[in-house]
Peer 1: 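What follows is a single structure, and I will ask about it in a moment.
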Amino acid sequence: MAARVKLFGFVGGFVCGAAVSTGSCLTVLKLYRLDPEEQSTPGREDGADNEVQQLIGRFGLPETGAEVRYYANHALSYDQARKTPRWVAEHLTNHKLRGKANRKHCKFRADPAIPACFSAGNEDYLGSGWSRGHMAPAGDNKQSEQSMAETFYLSNIIPQNYENNAGFWNRLEMYCRELTQRFQDVWVVSGPLVLPREEEEDGRKMVSYQVIGKDAVAVPTHLFKAVLVQNSTDVNNDNDNDQSAAPVLALGAFVVPNRPIGFERPLTDFQVSLPELERASGLRLYPGLPRPTADLCELDGCQLMGFKEFTLYLTGRKVSGARSLVKLEQFMSELSQQEIQPDDYLNDLYLQKKKELLLRANREQPEGKTGAG
DNA sequence: CGGTCGACCTGT
DNA sequence: ACAGGTCGACCG
């Protein structure tokens, strides 16, 4: 506290000195003590203060570049010091998740709206030991090539542990998409965190984090997600006579370490209260949300895909993209090698792909041994 | 779904 | 010869 008082005195003194030609020190001190809300209120017609404000801002006041930026299907606030987003917000619906936009047509690039001197570059990430992790996922934007392409702007990217990105975080994103099957609206706010190290033998807590590349992109220690769901009518409520069916509104907040997390850890291990997340992040999340809100995990379980389910899903994606019969068979044998039996969906996918590849092989090499059908 | 990397082609 | 971009193989 002593330090703060000292600092206050210094600042006050400095301002008084600088503003000696107008106003009184008292006025300046009063301004300094004003609520942030009040300070930013323009149109105060109250003469003296206004003059002081204009003088202080004679050559402009510092700009953070943290203003909200809107894209086709996400919005974010950017951190010019860390070269990452502070938060990224999205709205998901079942309908919006349909489409055939493909990440193969996208590429990571600097956000053209971010000044170059505050922007990360691909070079910062490549070979850094960290992957480029989406905050607004590409998979939430299959509806439009444009919106998917925009999620590849580095303003939406943070340095993320490979295994975390492809694994636990991936499954969390899938869970968010899955929620649109049970809720009409899903809102997600995601972002990086740099949290103090827990230990330190002498009891001190320290914030430290790696930075990568020539632009010194900050590697977050943790990632957060705040998931809000809504149904205008409760789909689980089969009581037709319930006229007062209030809209269901439930929220789950999660803080996930930026390192590998295995299948043995349930999502609920990483759940925190909304106020807890807000204190850690310094963000007021969903400020328009009536509180307290129902717990998403009590309402919906917060169950991520298990190992078997996830492996089946991945194999399905690989099978769909198989370019040769040998690869196709390899994907299936890898599955049985893990002692997982394909389900009906995967079997259909497999047979369909096999037919397609055989057809193609025959067309390109009609005299091959597979010919004479 | 989430990623990386290297071979290869292109332009100056 | 070398920077830069595309494409396909690869991994969890």
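Just so you know, these numbers use all the heavy atoms, side chains as well, and skip hydrogens, waters and symmetry mates.
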Peer 1: Write out a two-atom table: protein N or O, nucleotide N or O from nucleotides 10-12 of chain B, distance below 3.5 Å.
Peer 2:
none

Peer 1: Roughly what angle, to 10°, lies between the helix axis at the start of the helix from B:dC1-C:dG12 to B:dT12-C:dA1 and the one at its end, five pairs per end?
Peer 2: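 About 10°, once rounded to a multiple of 10°.
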
Peer 1: Using the salt bridge (Lys or Arg N to Asp or Glu O under 4.0 Å) criterion, which residues pair with A:Asp300? Sequence neighbours excluded.
Peer 2: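 Per chain and number, A:Asp300 pairs via salt bridge (Lys or Arg N to Asp or Glu O under 4.0 Å) with A:Arg182.
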
Peer 1: Supply the members, apart from A:Val326, of the Ile/Leu/Val/Met/Phe/Trp/Tyr cluster built from side-chain contacts under 4.5 Å; use none for a lone residue.
Peer 2: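 Its cluster mates, by chain and number: none.
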
Peer 1: Of all residues at least two apart in sequence or in a different chain, which pass the disulfide (SG to SG under 2.5 Å) check with A:Cys176?
Peer 2: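 Checked A:Cys176 against disulfide (SG to SG under 2.5 Å); zero matches.
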
Peer 1: Could you go through nucleotides 5-7 of chain C and list every protein N or O atom that sits under 3.5 Å from one of its N or O atoms, giving the distance for each pair?
Peer 2:
from  : atom 1 : to       : atom 2 : distance (Å)
C:dT6 : OP1    : A:Lys107 : NZ     : 2.9
C:dT6 : OP2    : A:Lys107 : NZ     : 3.4

Peer 1: Please state whether the rings of A:Phe307 and A:Phe263 are parallel, tilted or perpendicular, taking 30° and 60° as the class boundaries.
Peer 2: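 Correct class here is perpendicular.
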
Peer 1: Other members of the hydrophobic cluster containing A:Val68, with the 4.5 Å side-chain heavy-atom rule, please.
Peer 2: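 Besides A:Val68, the hydrophobic cluster comprises A:Tyr70, A:Trp87, A:Trp187, A:Val189, A:Leu193, A:Leu195, A:Phe224, A:Leu228, A:Leu249, A:Leu251, A:Val255, A:Val272, A:Leu274, A:Leu277, A:Leu283, A:Leu285, A:Tyr286, A:Leu289, listed by chain and residue number.
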
Peer 1: With sequence neighbours excluded, what pairs up with A:Trp130 under the ring-ring contact (aromatic ring centres under 6.0 Å, His included) test?
Peer 2: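 Listed in chain order: nothing, the list is empty.
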
Peer 1: Quick one: salt bridge (Lys or Arg N to Asp or Glu O under 4.0 Å) partners of A:Arg284, sequence neighbours excluded?
Peer 2: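 Testing A:Arg284 for salt bridge (Lys or Arg N to Asp or Glu O under 4.0 Å), a comparison that skips the adjacent residues, returns A:Glu278.
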
Peer 1: Quick one, which residues of residues 135-168 of chain A touch DNA chain C with a heavy atom under 4.0 Å?
Peer 2: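 Residues of residues 135-168 of chain A under 4.0 Å from DNA chain C: A:Ala166.
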
Peer 1: Can you sort out the partners of A:Lys214 under salt bridge (Lys or Arg N to Asp or Glu O under 4.0 Å), two or more places apart, ordered by chain and number?
Peer 2: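 Per chain and number, A:Lys214 pairs via salt bridge (Lys or Arg N to Asp or Glu O under 4.0 Å) with A:Glu123.
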
Peer 1: With the threshold set at under 4.0 Å for non-hydrogen atoms, list the residues of residues 334-350 of chain A touching DNA chain B in residue-number order.
Peer 2: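 None, since no heavy atom is under 4.0 Å.
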
